[in-house]
Amino acid sequence: MALIPILLYPDPRLNKLAKPVQAVDRRIHQLIDDMLETMYEANGIGLAASQVDVHERLVVIDISQERNQPLVLINPEIVWASEEKHLNEEGCLSVPGIYDGVERSSAIKATALDRSGKQQNIEAEGLLAVCIQHEMDHLLGKVFVQYLSPLKRNRIKTKMIKLAREELR
């Protein structure tokens, strides 16, 4: 397993549309393992392949306290979302240190392939529902800050560019 660099906002590669995974093979298994290791190392609860510059429809999530219940979603699709919405404080490994409120459906139903390539149906609410919606946005080329006002988004963009410059010194 290996850590993979996470793209940071406003990197334009974060806006690329992910393509479906064609085969659940050794390459995808290795990518899953590397993404899980990267997510755990960064203290995240979700990571989309788009965030590590692999533009395929793959997401890993683990919202468990023990960090031992990974959920793998290959080619995920949301098939139902509740009309009831909740404002949740969200953060993102691609926008470290930034948290803000995003309104999302409070419950969803999704389908995806699991690690072995078998179809799975997921019913989620609360944190898991938010996390799935957040990560699936990445597959569509969307970062959570795009839900914020232009003023907030520009402030975050400026802050992230400044941080990147400081790290290069």
Side-chain angles (χ1 to χ4, degrees), residues 1-19 21 28 30-74 76 78 85-106 108 110 112 115 124-169:
M1 294 201 299
L3 294 177
I4 313 169
I6 297 171
L7 298 177
L8 298 178
Y9 180 79
D11 191 310
R13 294 173 290 179
L14 288 168
N15 301 121
K16 286 176 88 173
L17 194 62
K19 294 179 174 18
V21 171
I28 292 297
Q30 185 63 55
L31 180 58
I32 291 166
D33 291 342
D34 292 345
M35 285 175 60
L36 284 167
E37 183 178 355
T38 301
M39 178 187 74
Y40 290 136
E41 181 68 26
N43 291 317
I45 61 170
L47 186 65
S50 299
Q51 292 176 269
V52 294
D53 203 20
V54 177
H55 302 282
E56 295 181 72
R57 294 184 59 78
L58 170 62
V59 167
V60 296
I61 293 172
D62 190 342
I63 61 168
S64 70
Q65 292 290 97
E66 301 79 24
R67 318 290 284 147
N68 63 357
Q69 296 174 32
L71 176 63
V72 174
L73 304 175
I74 300 169
I78 292 177
K85 310 260 187 204
H86 280 276
L87 187 65
N88 304 285
E89 183 94 342
E90 290 188 26
C92 180
L93 295 177
S94 291
V95 195
I98 305 292
Y99 300 88
D100 213 316
V102 177
E103 190 173 74
R104 298 201 187 264
S105 293
S106 56
I108 62 159
R115 182 187 177 99
E125 56 186 32
L127 180 58
L128 181 57
V130 168
C131 194
I132 290 171
Q133 291 171 86
H134 175 109
E135 298 308 330
M136 286 185 64
D137 272 354
H138 281 296
L139 302 179
L140 299 171
K142 194 166 188 178
V143 180
F144 89 97
V145 297
Q146 291 171 266
Y147 288 100
L148 306 178
S149 71
L151 178 64
K152 278 187 177 180
R153 198 168 45 245
N154 284 332
R155 283 185 181 157
I156 291 167
K157 186 176 184 177
T158 301
K159 183 176 183 177
M160 294 299 296
I161 291 169
K162 185 179 175 188
L163 274 172
R165 280 192 199 127
E166 289 172 4
E167 285 182 11
L168 291 175
R169 288 184 191 164

Determine the minimum heavy-atom distance between Pro96 and Leu93, stating which atoms define it. CD-O, 3.7 Å
Minimum heavy-atom distance between Ser105 and Ala129, given as atom pair plus value: O-CB, 4.4 Å
CD on Gln69 to CD1 on Ile61, rounded to 0.5 Å: 13.0 Å
Can you tell me how far apart CG (Leu128) and OG (Ser64) are? Round to the nearest 0.5 Å. 11.0 Å
Please, which pairs that meet side chain to side chain donor-acceptor pair (under 3.5 Å) have at least one residue in residues 41-54, sequence neighbours excluded? Arg13-Asp53, Gln51-Ser94, Asp53-His55
Is atom CD of Gln65 surrounded by more than 12 heavy atoms (other residues, nucleotides or ligands) closer than 6.0 Å? no
Side chain Asp34, main chain Ala2, donor-acceptor under 3.5 Å: yes
Scanning both residues in full, the closest heavy-atom pair of Arg67 with Ile45 reads NH1-CG2, 3.8 Å
Indicate yes or no: at least one non-hydrogen side-chain atom of Pro10 is less than 4.5 angstrom from one of Ile161. yes
Please determine if Asp33 and Arg115 form a salt bridge, counting it only when a charged side-chain N lies under 4.0 Å from a carboxylate O. yes
Hey, what do you get for OH (Tyr9) to CG (Asn15), rounding to the nearest 0.5 Å? 8.0 Å
By salt bridge (Lys or Arg N to Asp or Glu O under 4.0 Å), Lys152 pairs with (sequence neighbours left out) Asp100
Just by distance, do the side chain of Gln146 and the backbone of Val143 share a donor-acceptor pair under 3.5 Å? yes
Nearest heavy-atom neighbours spanning Ala48 and His138: CB-CB, 3.5 Å
Compare every heavy atom of Phe144 with every heavy atom of Gly91, then report the nearest pair and how far apart it is. C-CE2, 4.0 Å
Any idea which heavy atoms bring Glu89 and Gly101 closest together, and the distance? OE1-N, 4.0 Å
Does the Thr38 side chain pair with the main chain of Ile4, one donor and one acceptor, at a distance under 3.5 Å? yes
Any chance you could measure Ile6, atom CD1, to Met39, atom CE, to the nearest 0.5 Å? 10.0 Å
Let me see the working for Arg104 and Asp137 under side chain to side chain contact (heavy atoms under 4.5 Å, CB included), right down to the final yes or no. CA-CA 11 Å; Arg104 298 201 187 264; Asp137 272 354; 2.9 Å; yes
Only one of Leu139, Ile74, Leu73, Leu17 passes side chain to side chain contact (heavy atoms under 4.5 Å, CB included) with Arg57, and that residue is Leu139
OG1-CG distance between Thr158 and Leu163, expressed to the nearest 0.5 angstrom: 11.0 Å
Flag side-chain contact, heavy atom, 4.5 Å: Asn88 against Gln133: no
How long is the span from the CD1 atom in Ile132 to the CD atom in Glu125, to the nearest 0.5 Å? 11.5 Å
Side chain to side chain contact (heavy atoms under 4.5 Å, CB included) assessment of Leu36 paired with Leu47: CA-CA 8 Å; Leu36 284 167; Leu47 186 65; over 6 Å; no
Non-hydrogen side-chain atoms of Lys142 and Met136 separated by less than 4.5 Å: no
